[in-house]
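Convention: sequence-line order gives letters A, B, ...; per-chain numbering from 1.
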Protein chains: 2
Amino acid sequence: MVEPSHAEEFAETILSNETERKPGSERAEKDNRTMSALLNLLGKKHTIVILHQFATGEGPLRFSDLEEAVDIAPNTLSNRLKELTRVGLLTRRAYNEIPPRVEYDSTEKAKDLAPVFWYLGVWTERHDLESTPLDELA
Amino acid sequence: MVEPSHAEEFAETILSNETERKPGSERAEKDNRTMSALLNLLGKKHTIVILHQFATGEGPLRFSDLEEAVDIAPNTLSNRLKELTRVGLLTRRAYNEIPPRVEYDSTEKAKDLAPVFWYLGVWTERHDLESTPLDELA
DNA sequence: CTGAATCCGGTCCGATACTG
DNA sequence: CAGTATCGGACCGGATTCAG
């Protein structure tokens, strides 16, 4: 119920010629570097799961929320959150209160990354990830 | 030039009501497990980059092709390829020839996962991953 | 009481050398 | 060419400890 017409919105984005690939363009180098950095970041453990939490939910998330939702060690979670805020995918806001409260929220860049996770959800509805033990590998 | 109308094809898939989310359905549990397994798999290092190679290219890829395209150690690449074939995202076909030849190809499931990587490319064209050194973190 | 730094043990990953 | 074996290093998990 959060995003009723997420599909249509996504489809618009896709069909707009603004997002068309321009093969051989001069921005290809920078894009490749960005892509490489992005993939390298997503490759680190639990990064995708964390971003998935922000993509599915809507409001800001607290440290403890992520800690119980993701099943991740606190130090690793701390590192991931630092990295994600560093690259501008998350914002960190700390309140000087008792008990202390720190809220992480997704930036526009991260929100624009949400369709990826949305389509991942679509994929899981149509496919399965059966684990063939050890057959055609040997 | 590889996929001329990938965007349109993708948009069709998205707008088809077949892919609509059914909140609170009974398949949610299985989907969550599949999603978790998928995210856990994609979270492993270089998995996304490997799948990205199969998504952008069209034909089958050989071991050496991936080895030079992804910059990955051969043992790790071997493990990833085993995992991906295990879950049914890749197919492995070995020819008893000299020199030996092994071709990996993406299955339908993997092809259906391609839009994710395609949109990742769109994202990198519109955004950047600037690395704010150490500011709002302290 | 929450967020996060620290130390240590385990696992995963990279580089090279080597085999079929 | 397509992997495997081995080892060293980076990363991750868990518990404790600290700061606010």
Would you tell me whether Thr34(A) and Asp128(B) have side-chain atoms, one donor and one acceptor, within less than 3.5 Å of each other?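 Short answer, yes.
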For [X] and [N], give me the distance from atom [atom1] to atom [atom2], rounded to whole Å.
X        : N       : atom1 : atom2 : answer
Arg92(B) : dC1(D)  : CZ    : P     : 16 Å
Glu67(A) : dC1(C)  : CD    : P     : 15 Å
Tyr95(B) : dC1(D)  : OH    : P     : 17 Å
Arg93(B) : dA2(D)  : CZ    : C1'   : 17 Å
Asn96(A) : dA19(D) : CG    : P     : 16 Å
Leu41(A) : dC11(D) : CG    : P     : 13 Å
Asn40(A) : dG14(C) : CG    : C1'   : 13 Å
Ile50(A) : dC12(D) : CD1   : P     : 10 Å

Nucleotides 18-20 of chain C: which of its N/O atoms have a protein N/O under 3.5 Å away?
none

Gap separating the [atom1] atom of [X] from the [atom2] atom of [Y], nearest 0.5 angstrom:
X         : Y        : atom1 : atom2 : result
Leu129(A) : Arg33(B) : CG    : CZ    : 11.0 Å
Phe54(B)  : Leu66(B) : CZ    : CG    : 4.5 Å
Leu113(A) : Ile48(A) : CG    : CD1   : 9.5 Å

With salt bridge (Lys or Arg N to Asp or Glu O under 4.0 Å) as the criterion, how do Asp112(B) and Arg126(A) come out once you've worked through the C-alpha distance, each side chain's angles and the decisive distance to 0.1 Å? CA-CA 9 Å; Asp112(B) 208 20; Arg126(A) 308 202 290 193; 2.9 Å; yes
Quick test of your reading of the model: are Glu130(A) and Lys109(B) salt-bridged, counting only N-O distances below 4.0 Å?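 Between Lys109(B) and Glu130(A) there is a salt bridge, with a charged N closer than 4.0 Å to a carboxylate O.
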Is it true that Glu83(A) and Arg80(A) have a side-chain N and a carboxylate O under 4.0 angstrom from each other?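 Yes, charged N to carboxylate O under 4.0 Å.
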Would you tell me if any nitrogen or oxygen in the side chain of [X] comes within less than 4.0 Å of OP1 or OP2 on [N]?
X         : N      : answer
Lys82(B)  : dA2(D) : no
Arg62(B)  : dC1(D) : no
Tyr104(B) : dG3(D) : yes

Residue whose nearest DNA chain D nucleotide is more 5′ - Ser78(B) or Arg80(A):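 First, find each residue's nearest nucleotide; the 5'-ward one identifies Ser78(B).
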Would you tabulate the pairs of protein nitrogen or oxygen atoms and nucleotide nitrogen or oxygen atoms of nucleotides 13-16 of chain D closer than 3.5 angstrom?
from, atom 1, to, atom 2, distance (Å)
dG13(D), OP1, His46(A), NE2, 2.7
dG13(D), OP2, Thr76(A), OG1, 2.8
dG14(D), N7, Asn75(A), ND2, 3.4
dG14(D), O6, Asn75(A), ND2, 2.3

Could you check whether atom CZ of Arg93(B) has more than 12 heavy atoms from other residues, nucleotides or ligands sitting under 6.0 Å from it?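 At most 12 heavy atoms, drawn from other residues, nucleotides or ligands, come within 6.0 Å of this atom.
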Could you work out, with side-chain contact (heavy atoms from CB on, under 4.5 Å) as the rule, every residue matching Asp65(A), not counting sequence neighbours?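 Only Leu61(A), Arg62(A) meet the side-chain contact (heavy atoms from CB on, under 4.5 Å) criterion with Asp65(A).
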